[in-house]
Amino acid sequence: MSAAVFVSGGGTNLQAFIDEVQAGRLALDLAVVVSNNPNAGALDRARKAGVPDECVCSTDYAERERFDDALASTVDRYRPDLLILAGFMRILTAAFVKRYEGRILNIHPSLLPRFPGLNTHQRAIDAGDRVHGSTVHFVTEQLDAGPSIMQGRVPVLEGDTARSLAQRVLKIEHRIYPAAAALFASGRLACRDGAAWLDGDRLEQPLLYGKE
Ligand code: GRF
């Protein structure tokens with residue numbers, strides 16, 4: 001199975017995929033890395049790993065629809081089976097999501113449905129949460145609201161800042177994202193009827209990493 005990875009920034013999640021694939025622990029062909037930002041550090045990681053990279057600059061497109069059209073034609077040249085959003089800071093149009101229905105994964109740095117949107121770590125601290133984490137989910141037209149697949153939890157410690165908490169969450173992200181993608185790559189995981197399905201059973205709750 002082949003995948004396109006979408007990035008905008010540093011790309012530590014992309015690196016986790018590269019490392020797992022190179023170590024032979026994840027049977028996925030990383031066909032292309034696509035960035036909307038020409039300065040994304042993730043592009044260097046792709047080049048170092050010998051994964052083809054493409055940049056579709058969001059600043060070149062005034063309209064969201066045109067950007068997504070360009071994105072789709074770039075991606076389609078590589079014919080990926082799976083689309084992996086890894087720190088891709090763009091909201092995709094409904095048309096784009098529909099085109100790849102049931103084949104787009106995202107990772108969001110909170111225990112969804114808690115804290116959709118931005119600044120999740122600060123919001124978890126401000127809310128006094130003792131547990132925080134990250135969620136891998138299928139992408140649907142509703143932002144950060146598609147069917148959840150897997151979550152990883154971390155403690156919120158006394159004196160945590162958004163930065164220190166983000167570091168802790170990133171570490172768990174690097175485990176849960178390749179693990180969730182592996183389930184999809186092996187054909188065990190699917191998205192249909194607005195739900196995630198594992199081994200033919202509807203997932204009522206996301207899997208908890210370490211306990212799945
Ligand atoms: C991660 O925290 C992810 O949850 C969010 O963006 C961040 C990307 O980090 N969607 P990186 O670029 O993979 O280091």
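Note that ligands are numbered from 1 as they come in the structure, with each ligand's atoms numbered from 1 the same way. When a residue number appears, it is its place in the shown sequence, counting from 1.
Between R123 and D126, none of the side-chain N atoms (NZ, or NE/NH1/NH2) sits under 4.0 Å from a carboxylate O, so this pair counts as no salt bridge.
Atoms of ligand 1 found under 4.0 Å from any heavy atom of E173 (numbered from 1 in listed order, with element): 1 (C), 2 (O), 3 (C), 4 (O). Per-residue contacts place G10 under 4.0 angstrom from the following atoms of ligand 1 (heavy atoms of the residue considered): 12 (O). Atoms of ligand 1 lying under 4.0 Å from at least one heavy atom of G87, given by number and element, are 6 (O), 8 (C), 10 (N).
The closest protein non-hydrogen atom to atom 12 (O) of ligand 1 is G11 N, 2.8 Å.
Of the polar atoms of I107, at least one N or O is found under 3.5 Å from an N or O of ligand 1, judged by distance alone. An N or O contact shorter than 3.5 Å links N13 to ligand 1 by distance. Not a single N or O atom of L14, backbone or side chain, sits closer than 3.5 Å to an N or O atom of ligand 1.
Shown here for S58 and N36, the closest heavy-atom pair between the two residues is OG-ND2, 3.0 Å.
Nearest to atom 11 (P) of ligand 1 by heavy atom, out of V7, T12, V169, is T12.
No donor-acceptor contact under 3.5 angstrom links the side chains of H108 and H137, judged on distance only.
With contacts defined as side-chain heavy-atom distances shorter than 4.5 Å, the pair Q151/L207 does not qualify. In this structure, R90 and F6 have side chains that are not in contact, with every pair of non-hydrogen atoms separated by 4.5 Å or more. No side-chain heavy atom of D160 sits under 4.5 Å from any side-chain heavy atom of H132.
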